[in-house]
Amino acid sequence: LRGKRRLMLEIKNLQATINNKTILKGLNLTIKPGELHAMMGPNGSGKSTLANVLSGKNGYEISGEINFRGENLKKIPVEERAQKGIFLAFQYPLEIPGVNTNNFLKTSLNSIRKSKGEKELDTLAFLKLVREKSSELGIDEKILSRQLNVGFSGGEKKKNEILQMKILNPSLSILDETDSGLDIDALKIVAKGVNSSRNDKKSFLVITHYQRLLDYIKPDFVHVLSDGKIIKTGCGELAEEL
Ligand code: ADP
Ligand code: MG
């Protein structure tokens with residue numbers, strides 16, 4: 001166990017099936033603290049399924065091992081995974097009418113703080129934090145007083161995911177095609193959000209379809225997923241080769 005604790009994530013022979021379709025077919029992946037892994041691969045190869053399975057989305061039949069900081073992740077329900085430091089930025093962020101964006105962020109943060117026995121932030125302290133993080137990312141604060149993702153542009157939705165990541169400060173961030181559909185300025189903001197969060201304790205799994213993001217985010221490892229399996233792994237240069 002002591003050795004395993006030094007790993008952020010260890011996936012062994014992961015298989016995932018939903019609606020009688022086996023999508024992940026024996027996936028192995030090890031991520032250490034401080035590492036950023038890029039996961040590339042064609043549409044339909046299982047990238048989002050991997051992200052969903054790690055974040056605890058229901059409905060998958062799973063076999064194989066998933067250890068997160070030495071703990072069997074399969075036994076941990078979705079809300080506890082978030083409390084334990086797993087964060088997923090969705091490929092398609094949901095619009096949630098009636099939920100104010102600021103309140104959503106504050107409630108998420110406070111539920112994580114509470115689970116760790118930390119004091120909840122009051123409105124003032126939270127606003128200070130959210131102002132600091134949104135200005136760091138160049139996000140217009142006005143969107144934060146609106147309903148979550150409702151009427152946000154594609155770029156605003158993705159930037160909002162990154163803001164959420166900055167505020168929740170997770171140990172393992174999984175970004176599912178956060179770069180898709182972004183213009184170059186929004187892409188740079190996303191990259192800046194990731195790069196400014198990197199340190200030797202945090203890990204990232206950055207799922208991307210395009211090499212473009214990797215001009216701004218330098219991965220330690222690049223994997224290629226195809227038909228539910230990693231078929232190639234290399235260092236940062238692999239993305240350029242592809
Ligand atoms: P990627 O993110 O790499 O594009 P996905 O993980 O979204 O791929 O999907 C992988 C494959 O699994 C696709 O063929 C997709 O249609 C299928 N799939 C995903 N979710 C489901 C589901 N809930 N039921 C049936 N098939 C699914
Ligand atoms: Mg996908």
Side-chain angles (χ1 to χ4, degrees), residues 9-31 36-66 68 73-74 77-78 81-82 86-96 149 152-162 164-165 170 172-183 186-187 190-191 193-194 203-217 219 221-234 238-242:
L9 184 70
E10 189 187 34
I11 300 176
K12 285 187 191 163
N13 195 25
L14 176 64
Q15 315 213 14
T17 300
I18 193 164
N19 298 329
N20 291 319
K21 182 177 162 74
T22 299
I23 302 172
L24 300 180
K25 302 175 179 172
L27 189 140
N28 298 294
L29 177 67
T30 301
I31 302 182
L36 188 147
H37 290 236
M39 185 68 70
M40 303 186 78
N43 272 329
S45 54
K47 302 183 299 298
S48 292
T49 301
L50 174 63
N52 291 341
V53 164
L54 292 175
S55 65
K57 189 173 172 190
N58 291 325
Y60 297 96
E61 261 170 67
I62 289 168
S63 69
E65 273 183 50
I66 313 175
F68 174 66
L73 196 63
K74 289 197 285 183
V78 57
R81 295 190 195 196
I86 296 180
F87 171 77
L88 171 62
F90 291 106
Q91 181 169 5
Y92 303 109
L94 289 179
E95 300 192 3
I96 311 188
N149 288 321
F152 286 21
S153 71
E156 285 169 342
K157 284 181 184 169
K158 297 292 177 103
K159 285 192 272 184
N160 194 41
E161 296 287 288
I162 295 298
Q164 202 181 325
M165 179 187 86
L172 175 64
S173 298
I174 304 164
L175 309 185
D176 191 1
E177 298 210 25
T178 304
D179 54 326
S180 289
L182 296 186
D183 62 30
L187 185 75
V190 164
V194 171
S203 308
F204 296 82
L205 180 60
V206 176
I207 295 169
T208 179
H209 202 76
Y210 305 100
Q211 136 75 27
R212 193 178 70 144
L213 179 69
L214 305 179
D215 291 339
Y216 300 96
I217 292 175
F221 296 95
V222 177
H223 309 278
V224 181
L225 191 67
S226 171
D227 194 22
K229 270 188 193 160
I230 291 176
I231 54 160
K232 199 165 183 183
T233 291
L238 177 62
E240 281 151 44
E241 241 174 76
L242 297 165

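Remember, it's 1-based here, ligands and their atoms both numbered in the order they're listed.
- Polar contact with ligand 1: present for Thr49 (N/O pair, distance under 3.5 Å).
- Within the 4.0 Å cut-off (strictly below), no protein heavy atom is located near atom 16 (O) of ligand 1.
- Between Asn20, Ile23, Asn19, it is Ile23 that holds the heavy atom closest to atom 27 (C) of ligand 1.
- Atoms CG and OG, on Leu36 and Ser173 in that order, are 9.0 Å from each other to the nearest 0.5 Å.
- Just one of Glu156, Gln164, Glu161 meets the side chain to side chain contact (heavy atoms under 4.5 Å, CB included) condition when paired with Pro93; it is Glu161.
- Residue, atom and distance of the protein heavy atom nearest to atom 7 (O) of ligand 1 are Ser48 CB, 3.6 Å.
- The pair Glu95-Lys157 meets the salt-bridge criterion, since a charged nitrogen lies less than 4.0 angstrom from a carboxylate oxygen.
- Per-residue contacts place Lys21 under 4.0 angstrom from the following atoms of ligand 1 (heavy atoms of the residue considered): 11 (C), 12 (O), 14 (O), 17 (C), 26 (N).
- Taking 4.5 Å as the limit, every side-chain heavy atom of Leu9 sits out of range of all side-chain heavy atoms of His37.
- Inter-residue side-chain proximity for Tyr210 and Ser180 is flagged as met; some heavy-atom pair is nearer than 4.5 Å.
- Taking only nitrogen or oxygen atoms, main chain and side chain alike, Gly44 reaches within less than 3.5 Å of ligand 1.
- Using modelled atom types, one side-chain atom of Asn28 and one backbone atom of Asn13 make a donor-acceptor pair closer than 3.5 Å.
- Residues Gln91 and Ile207 fail the side-chain proximity criterion, which asks for heavy atoms closer than 4.5 Å.
- Closest heavy-atom contact between Ile11 and Leu27: CG2-O, 3.4 Å.
- Near Pro42, meaning under 4.0 Å from any of its heavy atoms, are these atoms of ligand 1: 3 (O).
- The Mg ion (ligand 2) lies at the vertex of an angle of 80° between the OG atom of Ser48 and the OE1 atom of Gln91 (rounded to 10°).
- The N/O atoms of Ile18, backbone and side chain alike, include none that comes under 3.5 Å of an N/O atom in ligand 1.
- Of all the atoms in ligand 1, the ones that sit under 4.0 Å from a non-hydrogen atom of Asn43 are 4 (O).
- Residue contacts with ligand 1 include Gly46, since one of its heavy atoms falls under 4.0 Å from the ligand.
- Using a 4.0 angstrom heavy-atom cutoff, Ala51 does not count as in contact with ligand 1.
- When all heavy atoms of Val53 and Ala16 are compared, the pair lying nearest together is CG2-CB, 4.0 Å.
- Residue-level proximity to ligand 1 for Lys47 is carried by backbone and side chain together, each with a heavy atom below 4.0 angstrom.
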